[in-house]
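Here is the structure we will look at, set down as C-alpha cells.
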Amino acid sequence: DKLRYRISGGYTSNDGVLVSDRDKFERMNINTFISADVTNWFTQEVTMSYAHSLQTSPGGMGGVYNTRLVSYYPEGDLPASVNTLANEDLPLFTPRNQILLSNPVNNNNDNPRIFLKSILKPLKGLEAVFEYTFDKNIYDYHWYTGQYDYTTIQGGSSKSFVDDYLRKYKQHTNYNAINVYATYSKKFGDHNFKVMAGFNQESSYQETLDAYSYNQAVIDVPAMGSGTGTIKLPTHTVNMPYVVDSLESTIIIRTNICWK
C-alpha cells in the first residue's frame, strides 16, 4: 500500500472520406502515475503524460468545391493526340486529380506534461502541499504547394501555382505553475480552529513564427533556404511572428473558526 502506480496509453488512426490517404488523423498518448509513501509523514506523487497527433489534408483544395463540373466530365488524363495545344498527356482539372496531385498539409501537435505533488504532515493537524506543473504545447504546420501542369476539356496547359511556395508555421508554449499551501487545524473541546495559507505562481512563454519561401529551386525537396524568390512574413497581423511572456502570482490566507 505504500506504493501505488498506473500506466495507460492509446492510439487512434482515421482515414478520411477523400480518395487517397491525404486526409487522415493519427493520435497517440501515454499517461503514467506513481505515488509513494516515503515516510509516515511524507508522500510523493508524480504524473507524466505525453500526447502526439498528426492531421493531414490535401492542400490548395479551393478548386475542389467550385469546379461545378457535369457528372459526365472526363476523368484521368487528356491525351496529347487530343490536346494538340500542349503536345503531352496532362491531367484534367477534376476534384479527383486535384486531390491526387496535391501535397498534404501537415499539422503536428505535441504535448508533454509533468505534475509533481509533495505532501508533508510533520506535525499533528498540519499538512503542507507543494505542487509543480510543467506543460509544453508544440504546434508545427508544414505545407508546400508544389507545382504541376494540368488541362481542361478546352485543351491547353496551365500551372497549379504560378509562384509555388513553402509555408512553415511554428508555435510553442511553455507553461509553469507552482502551488504551495498549508493547512493547520486544531480542536479545543467542542471548538474547531482551521487556518489555510497558500501561494500560487504561474508563468507562460509563447513564441510564434510564420514564414513563406517562394519559388523552390528543387520542388521535390522544398526547404526554407532553397527558395529562389523571397522569404515573406504573412500580410495579416494576426499571424505575425511574436513572443508573449507573462507571470502571475497570488497569495491566499483563510481562517475558519467553529465556536460552540
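Everything numeric here is computed off the predicted structure, so don't read it as measured data.
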Once you round to the nearest 0.5 Å, how far does OG of Ser13 lie from CE of Met28? 13.0 Å
Distance-only donor-acceptor check, side chains Asn29 and Tyr50, under 3.5 Å: no
Leu166/Tyr212 under side-chain contact (heavy atoms from CB on, under 4.5 Å): CA gap, chis, key distance, verdict: CA-CA 6 Å; Leu166 169 67; Tyr212 298 74; over 6 Å; no
With a 3.5 Å distance limit and no angle check, can you tell me whether Thr173 reaches the backbone of Gln206 through a side-chain donor-acceptor pair? no
Give me the ring orientation class for Tyr141 and Tyr169: parallel if the planes are under 30° apart, tilted from 30 to 60°, perpendicular past 60°. perpendicular
At their closest point, which heavy atom of Ser20 faces which heavy atom of Ile99, and how far apart are they? OG-CG2, 3.9 Å
Does the side chain of Thr183 come within less than 4.5 Å of Val195's, by heavy atoms? no
Kindly indicate whether the side chain of Ile30, heavy atoms from C-beta on, has any atom under 4.5 Å from the side chain of Ile7. yes
Donor-acceptor under 3.5 Å (Thr145 side chain, Tyr165 main chain): yes
Just grab all the salt bridge (Lys or Arg N to Asp or Glu O under 4.0 Å) pairs involving residues 6-26, residues at least two apart or on different chains. none
Working to the nearest 0.5 angstrom, can you tell me the gap between His142 NE2 and Asn107 CG? 11.5 Å
Is Asp110 reaching over with its side chain to a backbone N or O of Ile138, donor-acceptor style, under 3.5 angstrom? no
Euclidean distance, His172 NE2 relative to Asn137 CG, rounded to 0.5 Å: 11.0 Å
Heavy-atom side-chain proximity of Val243 to Tyr205 below 4.5 angstrom: yes
Taking only Lys NZ, Arg NE, NH1 and NH2, and the carboxylate oxygens of Asp or Glu, determine whether Arg167 and Asp210 approach each other closer than 4.0 Å. yes
Please determine whether side chain to side chain donor-acceptor pair (under 3.5 Å) holds for the pair Asn111 and Arg113, giving the CA-CA distance in whole Å, both sets of side-chain angles, and the decisive distance to 0.1 Å. CA-CA 6 Å; Asn111 178 216; Arg113 189 176 190 271; over 6 Å; no
With side chains defined as the heavy atoms from C-beta onward, is the minimum distance between Thr133 and Ile114 less than 4.5 Å? no
Counting heavy atoms not belonging to Met196, are there more than 12 under 6.0 Å from its CE? yes
Counting only heavy atoms not in Lys136, do more than 12 fall under 6.0 Å of its NZ? yes
Polar side chain donor-acceptor pair, Asn179 to Tyr132, under 3.5 angstrom: no
With a 4.5 Å limit on heavy-atom distance, are the side chains of Asn174 and Ser203 in contact? no
Kindly say whether Met224 contributes a backbone atom to a donor-acceptor pair with the side chain of Ser213 at under 3.5 angstrom? yes
Judged by atom type as modelled, is there a donor-acceptor pair below 3.5 Å linking the side chain of Tyr148 to the main-chain atoms of Pro91? no
Phe130 versus Lys117: any side-chain heavy-atom pair under 4.5 Å? no
Is Ser158 reaching over with its side chain to a backbone N or O of Thr151, donor-acceptor style, under 3.5 angstrom? no
Looking only at side chains, do Ser249 and Gln201 share a donor and an acceptor under 3.5 Å apart? yes
Salt-bridged, Asp37 to Arg4, with N to O below 4.0 Å? yes
Full working for side-chain contact (heavy atoms from CB on, under 4.5 Å) between Thr228 and Tyr214: CA-CA 7 Å; Thr228 59; Tyr214 285 82; over 6 Å; no
What pair of heavy atoms forms the shortest contact from Pro74 to Ile153, and how long is it? CG-CG2, 3.7 Å
Report the distance from atom CG of Asn108 to atom CG of Leu54, rounding to the nearest 0.5 Å. 5.0 Å
Donor-acceptor pair, Asp77 side chain versus Asp89 backbone, under 3.5 Å? no
Minimum heavy-atom separation for Gly76 and Asn97, please, with both atom names. O-ND2, 2.9 Å
Could you please spell out the steps behind the side-chain contact (heavy atoms from CB on, under 4.5 Å) verdict for Leu116 and Gln44? CA-CA 8 Å; Leu116 305 175; Gln44 180 63 52; 4.3 Å; yes
May I ask you to decide if Lys232's main-chain N or O and Thr230's side chain share a donor-acceptor pair within less than 3.5 Å? no
Looking only at the side chains, is there a donor atom on one of Gln98 and Tyr150 sitting less than 3.5 Å from an acceptor on the other? no
If only side-chain N and O atoms count, and only distance matters, is there a donor-acceptor pair under 3.5 Å linking Ser160 with Gln147? no
Check the pair Asp163 / Asn215 against side-chain contact (heavy atoms from CB on, under 4.5 Å), numbers first and verdict last. CA-CA 6 Å; Asp163 292 318; Asn215 306 120; 3.4 Å; yes
Would you find a donor on one side and an acceptor on the other, under 3.5 Å apart, between the side chain of Trp143 and the backbone of Asn103? yes
Name all residues meeting the side chain to side chain contact (heavy atoms under 4.5 Å, CB included) criterion together with Phe188; count only those two or more places apart in sequence or in a different chain, and write none if there are none. Lys186, His191, Phe193
Distance-minimising heavy-atom pair for Thr43 and Ser35: CG2-OG, 3.8 Å
OH of Tyr184 to CG of Leu123: how many Å apart, nearest 0.5 Å? 8.0 Å
Can you confirm whether Ile253 is buried at CD1, in the sense that more than 12 heavy atoms of other residues, nucleotides or ligands lie under 6.0 Å from that atom? no
Nearest 0.5 Å please: distance from the OG atom of Ser118 over to the CZ atom of Phe42. 4.5 Å
Which heavy atom of Gly59 sits nearest a heavy atom of Ser102, and at what distance? O-CB, 3.5 Å
Side chain to side chain donor-acceptor pair (under 3.5 Å) for Glu75 and Thr94? Distances and angles first, verdict last. CA-CA 7 Å; Glu75 276 285 1; Thr94 61; 3.0 Å; yes
Without swapping roles, check the side chain of Gln216 against the backbone of Ala223 for a donor-acceptor pair under 3.5 Å. yes
Please check if atom NZ in Lys121 has more than 12 non-hydrogen atoms from other residues, nucleotides or ligands closer than 6.0 Å. no
Considering non-hydrogen atoms only, spot the tightest contact between Ser49 and Asn31 and give its length. CB-ND2, 3.5 Å
Around atom CG of Leu247, are there more than 12 heavy atoms from other residues, nucleotides or ligands closer than 6.0 Å? yes
